[in-house]
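Written out below as structure tokens is the structure these notes cover.
Counting from 1, the numbers follow the sequence of the chain as shown.
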Amino acid sequence: MNLFLKFKETVSSVLPIMAIVLVLSLTIAPLGSSTILAFIVGGILVIAGLTIFLLGVDIGILPIGERSGAALTAKKNLPLLLCVSFVIGVMVTIAEPDVQVLVGQIKGVNPAVNKWVLVFMIAAGVGLFVMLGLLRTVLSLKLRYILIVSYILVFVLAFLSPAEFQGVAFDSGGATTGPMTVPFIMALGVGVAAVRSKGKDSEKDSSDGDDSFGLTGIASIGPVAAVCLYGIILSHTASSSEITSENLDSTRIDSAATGLGVFIELIPEVIKEVVMALLPLVAMFIVFQIFLLKMPPVQVRKMFQGVAYSFVGLVIFLVGVNGGFMPAGQKLGEILGEFAATRGGIWIFLLTVVGLIFGAVVVCAEPAVWVLTEQVESVSGGTIKRKVMLAALSVGVALAIALSMLRVLYGFSLWYILLPGYAISLLLTAFCPPLFTGIAFDSGGVASGPMTSTFILSFTLGAAVAGGGDPVTDAFGVIALVAMTPLIAIQILGIVFKIKNRKNKESKQVLEEK
């Protein structure tokens, strides 16, 4: 049953994208039979791989994260908690499939980037900010102050970093909050908050309702700062290669030329990358088992069974993504982008509309979004309905991707959107209930799931190349815009909930006085 549920979740995420691509290919943007065949095979592999991977995370990897969080908090040793949480943040981020895909695409358009150095920089950023988030919980610091200070630091680093790393940096913040990273971080955050809340009275607890939320939001800031820092270092130590469409074309796999054999050719390299990604995580589990968890043999076998499922699933997923899914997305973007750049008029409108449709479909089909909306409906006592939440997120993400298409065509700066967007997000923290602020910043990466990191980014890269723009400065940033939307949408809904709650209390007081 668990396998069926995971399969259902994955199909609901992937099939809508596949259906839209097939319709576009049969109408305004013919991709060719070879590309479509590779895309369909790649989509099937993506569905199968994600299903097996998520099953492995559930049965073997997530329980280890929960047990580790509980064991660490039970020891009541703050230095140990912070150090181990840093290691956990680093290891799970290295194994995160969204990060692997994103870094591969960055390397594809910027040969100056060292893939594994960038992965470790992103992972270290997550680890450091997980430490900061747990320290905030232990010391009872206000979430909004941590967020404001952290984002000021991030924007300073972003302005100092080269232009080709700015969009990439903010994209990495959205890509890190994936199916591997979030469960570990949430387990640690909830565990520490539960331990700290013991001995506090219920009234105090209700005022500090944000303690169980916000850790994922803080953790997603770390990779942005780390990538900006990497860009600053790289700009002073080596001359960046010129980024052109030829660079992108040389790295893209041409499925029309190689046929379905490309999937077989990819397997050895993908296995090597997955082994390098998961090996540190397995080593961490072994160390935890010996010195911290000391689980019985039955649970240890279950843990390794989960890791084995995750390994197989991740290999299948990455083969499908690289062999058929991303190349088709890039080619579709190239066709529509070329038409929009050369013919203008209705084709610019069509490219923007396609972006709107992709945005609405991606966020509605993302299983994590459904979990989030259910959570908000529960927290608000049914005041904020799931349908309202879905509508708000759909509109926001659709507009984010449509703006990305216009940015590709007209080349305006990412800062024109990011600066006012984050300024509004941080300003809303002053008026929004702390609980909703924590949920909002936790959910920043929920909308930017595997489909955004794979297909949507490839589609945007293709449009940037065909439109004559710079794929690094014009295309990267689309994940960041998608991840920014929930920060505003959920906090606005939180303010609505606050106002309704206040009116209900006032009405009750009036009735009691009468």
Side-chain angles (χ1 to χ4, degrees), residues 10-31 35-36 39-40 42-43 46-47 171 174 321 324-341 343-370 373 387-410 417 446-464 466-467 474-475 477-486 488-489:
T10 306
V11 167
S12 67
S13 295
V14 180
L15 277 189
I17 295 290
M18 295 183 68
I20 294 172
V21 172
L22 292 175
V23 169
L24 290 172
S25 177
L26 293 172
T27 53
I28 61 174
L31 297 177
T35 301
I36 285 295
F39 174 69
I40 293 173
V46 165
I47 291 172
D171 277 354
V321 161
F325 216 66
M326 289 197 304
Q330 183 183 314
K331 188 169 182 180
L332 180 64
E334 288 174 356
I335 293 172
L336 293 177
E338 183 180 0
F339 287 163
R343 302 180 187 180
I346 187 65
W347 288 101
I348 294 176
F349 174 75
L350 282 174
L351 180 62
T352 308
V353 169
V354 169
L356 280 168
I357 295 171
F358 276 140
V361 168
V362 162
V363 72
C364 287
E366 187 64 47
V369 169
W370 288 87
T373 54
K387 291 181 179 179
V388 176
M389 182 82 174
L390 279 172
L393 288 176
S394 292
V395 171
V397 173
L399 288 174
I401 297 181
L403 282 171
S404 296
M405 296 301 103
L406 292 175
R407 192 168 70 87
V408 162
L409 292 175
Y410 295 108
I417 310 171
V446 164
S448 54
M451 291 303 97
T452 307
S453 300
T454 57
F455 185 84
I456 299 298
L457 181 54
S458 295
F459 176 76
T460 311
L461 282 166
D474 294 340
V478 62
I479 300 176
L481 297 183
V482 171
M484 186 181 70
T485 302
I488 299 173

Quiz item: Taking atom OG1 of T35 and atom CG of L332, what is their separation to the nearest 0.5 Å?
Solution: 10.5 Å
Self-check item: L461 CG to D474 CG distance, which is reported to the nearest 0.5 Å
Solution: 10.5 Å
Quiz item: Heavy atoms, side chains only, cut-off 4.5 Å: are V362 and I17 in contact?
Solution: yes
Quiz item: Is any side-chain heavy atom of L31 closer than 4.5 Å to a side-chain heavy atom of V21?
Solution: yes
Self-check item: Contacts of F459 that satisfy ring pair (Phe, Tyr, Trp, His ring centres under 6.0 Å) - sequence neighbours left out
Solution: F358
Self-check item: CD1-CG distance between I36 and L22, expressed to the nearest 0.5 angstrom
Solution: 5.0 Å
Quiz prompt | Test item: E338 and W347 side chains (from C-beta on) under 4.5 Å apart, heavy atoms | solution = no
Quiz item: Of the non-hydrogen atoms in T454 and M326, which two are nearest, and what is the gap between them?
Solution: O-CG, 3.7 Å
Quiz item: Of all residues at least two apart in sequence or in a different chain, which pass the side chain to side chain donor-acceptor pair (under 3.5 Å) check with S458?
Solution: Q105
Quiz item: Looking at CG of L351 and CG of L356, how far apart are the two atoms once the value is rounded to the nearest 0.5 Å?
Solution: 10.0 Å
Self-check item: Flag side-chain contact, heavy atom, 4.5 Å: F339 against L350
Solution: no
Exercise. Of all the heavy-atom pairs spanning V361 and P16, show the shortest one and how long it is.
Key: CG1-CB, 3.2 Å
If you look only at distance, which donor and acceptor atoms sit under 3.5 Å apart when one is on a side chain in residues 388-399 and the other is two or more places apart or in another chain?
from: S394; atom 1: OG; to: L390; atom 2: O; distance (Å): 2.9

Self-check item: Shortest non-hydrogen contact from G43 toward V14
Solution: O-CG1, 4.2 Å
Quiz item: If you look at every heavy atom in D171 and G477, which pair is closest and at what distance?
Solution: OD2-N, 2.7 Å
Quiz item: What is the distance from atom CD1 of I456 to atom CD1 of I479, rounded to the nearest 0.5 Å?
Solution: 10.0 Å
Practice problem: Indicate the atoms forming the closest heavy-atom contact of T485 with A400, along with that distance. | Solution: OG1-CB, 4.0 Å
Quiz item: How many angstroms lie between OG1 in T460 and CD in Q330, if you round to the nearest 0.5 Å?
Solution: 11.0 Å
Self-check item: CA sep, side-chain torsions, deciding dist, call: M405, L336, side-chain contact (heavy atoms from CB on, under 4.5 Å)
Solution: CA-CA 10 Å; M405 296 301 103; L336 293 177; over 6 Å; no
Quiz prompt | Closest contact, heavy atoms only, G337 versus A466 | solution = C-CB, 3.9 Å
